[in-house]
> 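This is the structure, below, for whatever I ask next.
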Amino acid sequence: MSRIHVIHENPAWLPPLAAALEQRGLPWQEMFLHTGAFDLAAPPPEGIFYNRMSASSHTRDHRFSAEFTAAVLAWLTRWGRTVVNGPRALDLEISKVRQYAALEAAGLRTPRTMMVAGRGEIVAAAERHFAGQPVILKPNRGGKGLGVQLFHTIEGLRSHVEGEDYIEPVDGIQLLQHYVQAPRPVITRAEFTGRRFTYAVEVDTSEGFELCPADVCAIGDAACPVGETAGRPEHKFTVIEGIDPGLRGRLERFLEQAGVDVAGIEFIAGPEGAPLVYDVNTNTNYNPEAEARAGIAGTNRSGMGALAEYLGALLAGSQRLAA
Ligand SMILES: Nc1ncnc2c1ncn2[C@@H]1O[C@H](COP(=O)(O)OP(=O)(O)O)[C@@H](O)[C@H]1O
Ligand SMILES: [Mg+2]
């Protein structure tokens, strides 16, 4: 039987998609990729495949799930199977540097970034390129904001990098990035389904979540935003009307060029108001509470609703995956 096969490694993120598929009576099956065995000479099961392998899979003790998925996607595509978020999407999911290259190639701006391999290189690189400026340290293969930290001083960065809590990035590459101070403490995350804009949410960052964990602030990183926060925002995620049409067009063109079908793309308003794009999530989750407040929960305009409709159309053959 022809089905929608959902490639993933985190069962906790599956129920909302499962509900949307089942609500529409679509046949589906999960393809949990941590361990497994596949015969390269045998055809894969019938149907279409939706890859939602996550860049943060290694943080759930699935160290090689992303690598295994790349191999499985090669097998699927060799047999001519339709794969939503195929090999090129996975390639971007696991590398911010490759995301930035693809974004810039599509005319989008990204924050000024140094890539650094080697723990011993980080502080010197920051001194050379970001002297006197706040800097963000984040792993090249990231996800969920894990390991993303803001440092206002070189001393704060040094004590972190030389300290016991320092974690080596899983692919060996760290990014040092210009800290973009937005006019308001928000970032925008625009969701795309089938390479078309679905909706956007504003995310309140005033709590400094994941940016500056309290233990790092405690070791003398002077102006930590956690300390400056006056009260919690009422809602962290809010669905907004839309985004600038020019930006929307450029983001859609980027998805076309990069071969990405489903994504949540994060950007921040830069000092001159020009948006800086810093994160492309090809495995995207949606905030149910924000969708409920916007009155789109459970409809075709919700994230999972739009996704289930798209996957259903591909399965039925009424829509073809863009080349
Ligand atoms: N250059 C930056 N300037 C300001 N804030 C940033 C910057 N980079 C990341 N952040 C903040 O940290 C969060 C997590 O960083 P992100 O690059 O999205 O990593 P991840 O892939 O782990 O989600 C962002 O949503 C944003 O709030
Ligand atoms: Mg992010």
Side-chain angles (χ1 to χ4, degrees), residues 10 13 52-60 66 89-104 108-116 126 129-130 133-152 157 167 169-171 173-192 200-213 216-217 221 223-226 228-229 233 236-238 251 260 263-287 290:
N10 187 6
W13 287 339
R52 58 188 332 232
M53 183 50 52
S54 161
S56 62
S57 46
H58 62 279
T59 65
R60 288 177 290 276
L90 180 64
D91 196 56
L92 294 196
E93 172 72 12
I94 61 171
S95 171
K96 283 197 166 62
V97 170
R98 296 201 288 265
Q99 287 174 25
Y100 297 167
L103 286 162
E104 296 272 352
L108 289 148
R109 289 185 56 200
T110 59
R112 180 148 182 260
T113 303
M114 294 287 302
M115 59 175 164
V116 187
H129 297 276
F130 295 98
Q133 299 165 35
V135 67
I136 298 261
L137 179 71
K138 63 169 91 172
N140 181 49
R141 188 192 293 194
K144 297 197 308 181
L146 288 174
V148 180
Q149 292 176 41
L150 168 64
F151 296 94
H152 282 271
L157 176 68
I167 297 172
V170 68
D171 67 354
I173 302 172
Q174 287 280 26
L175 305 183
L176 283 166
Q177 191 167 85
H178 175 68
Y179 173 55
V180 185
Q181 229 154 349
R184 289 190 300 131
V186 295
I187 63 106
T188 306
R189 179 171 170 131
E191 302 291 351
F192 296 82
V201 286
E202 256 184 19
V203 188
D204 192 301
T205 57
S206 60
E207 286 178 79
F209 66 104
E210 298 289 357
L211 267 185
C212 186
V216 174
C217 300
D221 189 26
C224 172
V226 166
E228 295 167 358
T229 306
K236 194 175 253 180
F237 298 86
T238 305
L251 290 170
V260 176
I265 305 181
E266 296 175 26
F267 55 89
I268 273 189
E272 297 103 45
L276 295 163
V277 185
Y278 63 86
D279 191 20
V280 177
N281 303 277
T282 67
N283 167 47
T284 184
N285 290 295
Y286 310 96
N287 188 262

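First listed ligand is number 1; within each ligand, the first listed atom is number 1. This one's a predicted model, so the numbers in the text were calculated from it and none came from an experiment.
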> So is K96 touching ligand 1 or not, going by heavy atoms under 4.0 Å?
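Contact present.
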> Give the minimum heavy-atom separation between Y278 and Y100, together with the two atoms involved.
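For Y278 versus Y100, the nearest heavy atoms are O-OH, 2.7 Å.
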> Is the closest side-chain donor-acceptor distance between N281 and E266 under 3.5 Å?
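Per modelled atom types, N281 and E266 side chains form a pair under 3.5 Å.
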> May I ask you to decide if the ring planes of H152 and Y179 are parallel, tilted or perpendicular, using 30° and 60° as cut-offs?
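Rings of H152 and Y179: perpendicular, as their planes differ by over 60°.
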> Please classify the I268 to ligand 1 contact at 4.0 Å (heavy-atom distances, strictly less than): side chain, backbone, both or neither.
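The answer is the side chain.
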> Which one of Q99, K138, E93 has a non-hydrogen atom at the shortest distance from atom 17 (O) of ligand 1?
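Closest candidate by heavy-atom distance is K138.
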> Take a 6.0 Å sphere around CE of M115 and say whether it holds more than 12 heavy atoms from other residues, nucleotides or ligands.
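12 or below, so no.
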> Any idea which N/O/S atom from D279 gets closest to the Mg ion (ligand 2)?
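Minimum-distance N/O/S atom of D279 relative to the Mg ion (ligand 2) is OD2.
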> For residues T282 and L90, determine if any side-chain heavy atom of one lies less than 4.5 Å from a side-chain heavy atom of the other.
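With C-beta onward as the side chain, the pair stays apart.
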> Please determine if E266 has a nitrogen or oxygen closer than 3.5 Å to a nitrogen or oxygen of ligand 1.
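Yes; at least one N/O pair falls below 3.5 Å.
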> Tell me whether the guanidinium CZ or amine NZ of R189 lies under 6.0 angstrom from the six-membered ring centre of F237 and within 45° of its axis.
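No, R189 and F237 do not form such a contact.
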> Enumerate the atoms of ligand 1 whose separation from the nearest heavy atom of Q177 is less than 4.0 angstrom.
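Contacts of ligand 1 toward Q177, numbered from 1: 1 (N), 2 (C), 7 (C), 8 (N).
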> Can you tell me which residue among I94, V97, V116 is in a side-chain contact (heavy atoms from CB on, under 4.5 Å) with N140?
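Going through I94, V97, V116 one by one, the side-chain contact (heavy atoms from CB on, under 4.5 Å) with N140 is satisfied by V97 alone.
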> Has ligand 1 got any nitrogen or oxygen that is less than 3.5 angstrom from a nitrogen or oxygen of G145?
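By distance alone, the answer is yes.
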> If you measure from atom 15 (O) of ligand 1 to every heavy atom of V148, L137, T110, V180, which option wins on shortest distance?
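When every heavy atom of V148, L137, T110, V180 is considered, V148 comes closest to atom 15 (O) of ligand 1.
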> Within a distance under 4.0 Å of any heavy atom of T205, pick out the atoms of ligand 1 and give their elements.
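Those atoms are 27 (O).
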> In ligand 1, which numbered atoms sit nearer than 4.0 Å to a non-hydrogen atom of D279?
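Ligand 1 atoms under the 4.0 Å threshold to D279: 16 (P), 18 (O), 20 (P), 21 (O), 23 (O).
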